[in-house]
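Working notes, structure below.
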Amino acid sequence: MEITKRKLLSGARFLSFVLENESYCMDILKVKELMGMSDITPIPQTPVYIKGVINLRGQIIPIIDLRLKFGFQGKDYTKRTSIIVVELQVDGDNMYIGVIVDVIEEVLNISEEKISKVPYITSKIKAEYIKGIAETTDGIKVVLDIEKVLSEDDFVILKDVKN
């Protein structure tokens with residue numbers, strides 16, 4: 001009984017959110033802050049999904065709209081639209097990036113055996129962005145690999161923005 005309980009509690013924790021009426025989640029260890037929408041300063045000559053930057057307690061944070069990054073139709077931001085600030089490793093440096101999502105749902109414990117690698121994916125986004133599919137009590141969640149969502153070109157642009 002004790003081993004089963006410990007194994008259940010040792011599952012990874014994920015933050016779940018909604019984009020385009022589909023449920024996604026990412027490793028909670030990458031998440032540094034959750035916030036409502038904020039004024040974003042646009043940056044000229046960047047891809048449409050790079051919305052600009054915000055100042056978060058003196059730190060400049062680039063903001064990416066995940067809807068646009070994934071090729072979904074843009075939509076007006078509401079009071080439920082949120083920014084998830086994530087910490088990524090880029091060329092050995094820590095970098096903070098904000099990603100805009102439609103709605104933040106909850107933090108979930110998902111054990112490794114509940115995350116399936118799927119040989120073919122019928123999701124609306126590119127397969128390389130996806131770590132797997134998780135079965136939860138609320139249904140299926142697409143587990144994103146947030147570091148792979150941004151391409152090398154994106155990191156170059158975002159590093160230039162920060163400097």
Side-chain angles (χ1 to χ4, degrees), residues 13-91 93-108 110 115 118 120-134 136 138-163:
R13 293 169 51 92
F14 294 86
L15 177 67
S16 69
F17 56 92
V18 174
L19 278 177
E20 193 72 11
N21 299 318
E22 195 168 323
S23 204
Y24 296 89
C25 61
M26 70 173 78
D27 188 335
I28 195 82
L29 295 177
K30 301 281 183 203
V31 176
K32 294 301 160 200
E33 185 148 346
L34 305 175
M35 55 189 290
M37 278 307 292
S38 180
D39 287 335
I40 300 171
T41 304
I43 301 169
Q45 300 180 5
T46 56
V48 68
Y49 56 85
I50 298 178
K51 299 309 284 181
V53 294
I54 61 170
N55 184 331
L56 182 63
R57 292 185 292 283
Q59 188 168 12
I60 302 302
I61 309 285
I63 304 295
I64 305 275
D65 189 321
L66 277 188
R67 290 180 68 83
L68 300 176
K69 174 67 179 173
F70 292 164
F72 300 152
Q73 186 75 27
K75 91 177 205 183
D76 291 337
Y77 300 138
T78 68
K79 58 184 173 189
R80 298 204 58 202
T81 305
S82 301
I83 298 173
I84 303 170
V85 178
V86 295
E87 182 179 15
L88 305 177
Q89 288 277 2
V90 183
D91 299 330
D93 295 330
N94 287 351
M95 184 173 186
Y96 293 96
I97 297 172
V99 293
I100 299 172
V101 300
D102 294 349
V103 178
I104 293 174
E105 291 183 309
E106 62 185 327
V107 175
L108 302 166
I110 304 173
I115 300 175
V118 182
Y120 59 92
I121 297 193
T122 60
S123 176
K124 300 172 187 171
I125 64 172
K126 292 183 180 179
E128 66 255 27
Y129 299 164
I130 300 173
K131 273 188 180 175
I133 305 296
T136 69
D138 296 340
I140 301 291
K141 307 268 187 208
V142 177
V143 181
L144 289 182
D145 185 338
I146 196 65
E147 291 195 8
K148 289 188 179 167
V149 167
L150 301 173
S151 68
E152 287 295 318
D153 292 342
D154 293 337
F155 285 129
V156 169
I157 292 167
L158 294 174
K159 278 190 125 176
D160 286 346
V161 164
K162 290 197 52 94
N163 295 332

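Residue indices begin at 1 and follow the sequence shown. Everything numeric in this text was worked out from a predicted model, so none of it was measured.
The structure places CD1 of Ile28 at 4.5 Å from CG of Leu15, a figure rounded to the nearest 0.5 Å. With rounding to the nearest 0.5 Å, the separation of NZ in Lys141 from CD in Glu22 is 11.0 Å. With rounding to the nearest 0.5 Å, the separation of CE in Met26 from CG in Leu144 is 6.5 Å. Within the model, atoms NZ of Lys51 and CD1 of Ile40 stand 7.5 Å from one another, a figure rounded to the nearest 0.5 Å. The line from CD1 of Ile64 to CD1 of Ile50 is 4.5 Å long, rounded to the nearest 0.5 Å. Remark: Tyr24 OH to Leu66 CG distance equals 9.0 Å, nearest 0.5 Å.
Taking every heavy atom of both residues into account, Ala134 and Val143 meet most closely at CB-CG2, 3.8 Å. Closest of all the heavy-atom pairs between Leu68 and Tyr49 is CB-CB, 3.6 Å. Between Leu108 and Ser16 the shortest heavy-atom distance is CD1-CB, 3.9 Å. Taking every heavy atom of both residues into account, Gly98 and Ile61 meet most closely at N-CG2, 3.5 Å. Of all heavy-atom pairs between Ser38 and Ile83, the closest is N-CD1, 4.2 Å.
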Self-check item: Criterion side-chain contact (heavy atoms from CB on, under 4.5 Å) on Glu105 and Val18, from CA distance to verdict
Solution: CA-CA 7 Å; Glu105 291 183 309; Val18 174; 3.4 Å; yes
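Applying the salt bridge (Lys or Arg N to Asp or Glu O under 4.0 Å) criterion to Glu106, with sequence neighbours excluded, gives no partner residue.
Residues in residues 25-48 take part in these salt bridge (charged side-chain N to carboxylate O under 4.0 Å, His left out) pairs, two or more places apart or across chains: Lys30-Glu147, Lys32-Glu87, Glu33-Arg57.
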Show every donor-acceptor pair shorter than 3.5 Å between a side-chain atom in residues 70-78 and any protein atom, with sequence neighbours excluded, or say none if there are none.
| from | atom 1 | to | atom 2 | distance (Å) |
| --- | --- | --- | --- | --- |
| Tyr77 | OH | Asp65 | OD2 | 2.6 |
| Thr78 | OG1 | Arg80 | N | 3.1 |
| Thr78 | OG1 | Thr81 | N | 3.4 |
| Thr78 | OG1 | Thr81 | OG1 | 3.4 |

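Among Ile110, Val142, Ile115, the one residue that satisfies the side-chain contact (heavy atoms from CB on, under 4.5 Å) test with Cys25 is Ile110.
Using modelled atom types, no side-chain atom of Asp102 and backbone atom of Asn21 make a donor-acceptor pair closer than 3.5 Å.
Residues Ile54 and Met35 form a side-chain contact, since some pair of their non-hydrogen atoms from C-beta on lies under 4.5 Å apart.
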